[in-house]
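Values below: every heavy atom of this structure, side chains too, minus hydrogens, waters and symmetry copies.
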Amino acid sequence: MKIVFTAKGTELSSAMDPRFGRTDYFVIYDDVTKEVQSFDNRAIENAAHGAGPKTAQKLAELGAQVLITGNGPGGNADAVLKTTGVEVYVGAGEMTVEKAYEAYKAGSLKKA
């Protein structure tokens, strides 16, 4: 399963980015193969409008099944995520990606 984290860097040790639409990076972790990838999302920062839905669409293109973030997506982005079937978990904004994964596995993050 592909789990995507909003992050300020590209590694499991990176700090989580509490933002969704304008997150700096996605760290993509496949918990079956243990493969770690990243996606640079910084280009979205210049978008005047629609950053959340565009970011949500990118998650679908990346094959995400779970999103772990800090504050969660806004309404329009949430609608896109729901149509693509991505499960969203919030409350990981003050963690590293690795700690957020552990919190997710322990069931201590809130499902949005």
Side-chain angles (χ1 to χ4, degrees):
M1 169 170 50
K2 284 191 177 180
I3 304 170
V4 176
F5 302 83
T6 57
K8 295 184 179 185
T10 61
E11 305 292 327
L12 292 177
S13 60
S14 298
M16 290 289 293
D17 191 333
R19 305 170 299 166
F20 171 70
R22 297 185 190 277
T23 187
D24 289 341
Y25 298 94
F26 294 126
V27 173
I28 307 146
Y29 179 66
D30 187 320
D31 71 344
V32 174
T33 66
K34 309 301 183 207
E35 181 181 1
V36 178
Q37 298 176 319
S38 65
F39 175 80
D40 188 337
N41 193 54
R42 292 176 294 178
I44 200 80
E45 198 164 8
N46 297 325
H49 302 287
K54 289 176 186 172
T55 301
Q57 185 58 43
K58 178 51 72 177
L59 286 185
E61 292 169 14
L62 293 170
Q65 294 160 298
V66 172
L67 166 67
I68 298 175
T69 188
N71 301 325
N76 291 335
D78 190 51
V80 171
L81 292 168
K82 283 182 178 164
T83 62
T84 61
V86 176
E87 292 183 16
V88 180
Y89 291 86
V90 297
E94 300 296 318
M95 303 176 186
T96 64
V97 172
E98 187 172 34
K99 292 292 182 190
Y101 176 71
E102 291 170 6
Y104 165 73
K105 293 305 274 186
S108 60
L109 295 178
K110 181 181 175 190
K111 188 171 184 180

Can you name the residues that form a salt bridge (charged side-chain N to carboxylate O under 4.0 Å, His left out) with [X], not counting sequence neighbours?
| X | result |
| --- | --- |
| Lys8 | none |
| Glu102 | Lys99 |
| Asp30 | none |

Could you tell me if the ring centre of Tyr101 sits under 6.0 Å from that of Tyr29? yes

Please output the side-chain donor-acceptor pairs of residues 71-93 that fall under 3.5 Å, not counting sequence neighbours, one pair per line with the distance.
unit_1: Asp78; atom_1: OD2; unit_2: Lys82; atom_2: NZ; d: 3.2
unit_1: Thr83; atom_1: OG1; unit_2: Val80; atom_2: O; d: 2.7
unit_1: Thr84; atom_1: OG1; unit_2: Val80; atom_2: O; d: 3.4
unit_1: Thr84; atom_1: OG1; unit_2: Leu81; atom_2: O; d: 2.9
unit_1: Glu87; atom_1: OE1; unit_2: Tyr89; atom_2: OH; d: 3.0

For Phe20, ring-ring contact (aromatic ring centres under 6.0 Å, His included) partners two or more places apart: none

Can you list everything that forms a ring-ring contact (aromatic ring centres under 6.0 Å, His included) with Tyr25? Sequence neighbours excluded, please. none

Same cluster or not: [X] versus [Y], using hydrophobic residues (I, L, V, M, F, W, Y) connected whenever any side-chain heavy atoms lie under 4.5 Å apart?
| X | Y | result |
| --- | --- | --- |
| Phe39 | Leu67 | yes |
| Phe5 | Val66 | yes |
| Met16 | Leu109 | yes |

Any salt bridge between Asp17 and Arg22, counting N to O under 4.0 Å? no

Measure the shortest side-chain to side-chain distance between [X] and [Y] over non-hydrogen atoms and say whether it is less than 4.5 angstrom.
| X | Y | result |
| --- | --- | --- |
| Thr96 | Glu11 | no |
| Ile28 | Val36 | no |
| Leu12 | Val27 | yes |
| Asp24 | Asn41 | no |

Can you list the steps and then say if Gln37 with Phe26 is a side-chain contact (heavy atoms from CB on, under 4.5 Å)? CA-CA 8 Å; Gln37 298 176 319; Phe26 294 126; over 6 Å; no

Shortest non-hydrogen separation from [X] to [Y] and the atoms involved:
| X | Y | result |
| --- | --- | --- |
| Ala100 | Met95 | CA-SD, 3.6 Å |
| Val97 | Ala7 | CG2-CB, 3.8 Å |
| Lys2 | Leu62 | NZ-O, 3.3 Å |

For a side-chain contact (heavy atoms from CB on, under 4.5 Å) check, start with the C-alpha distance between Ile3 and Ile68, then their side-chain angles and the critical distance, and finish with the verdict. CA-CA 7 Å; Ile3 304 170; Ile68 298 175; 3.7 Å; yes

Under 3.5 Å donor-acceptor, Thr55 side chain and Gly21 backbone: yes

Please step through side-chain hydrogen bond (donor to acceptor under 3.5 Å, both in side chains) for the pair Thr69 and Thr6, ending with a clear verdict. CA-CA 5 Å; Thr69 188; Thr6 57; 2.8 Å; yes

Considering residues, nucleotides and ligands other than Lys34, do more than 12 of their heavy atoms fall under 6.0 Å from its NZ? yes

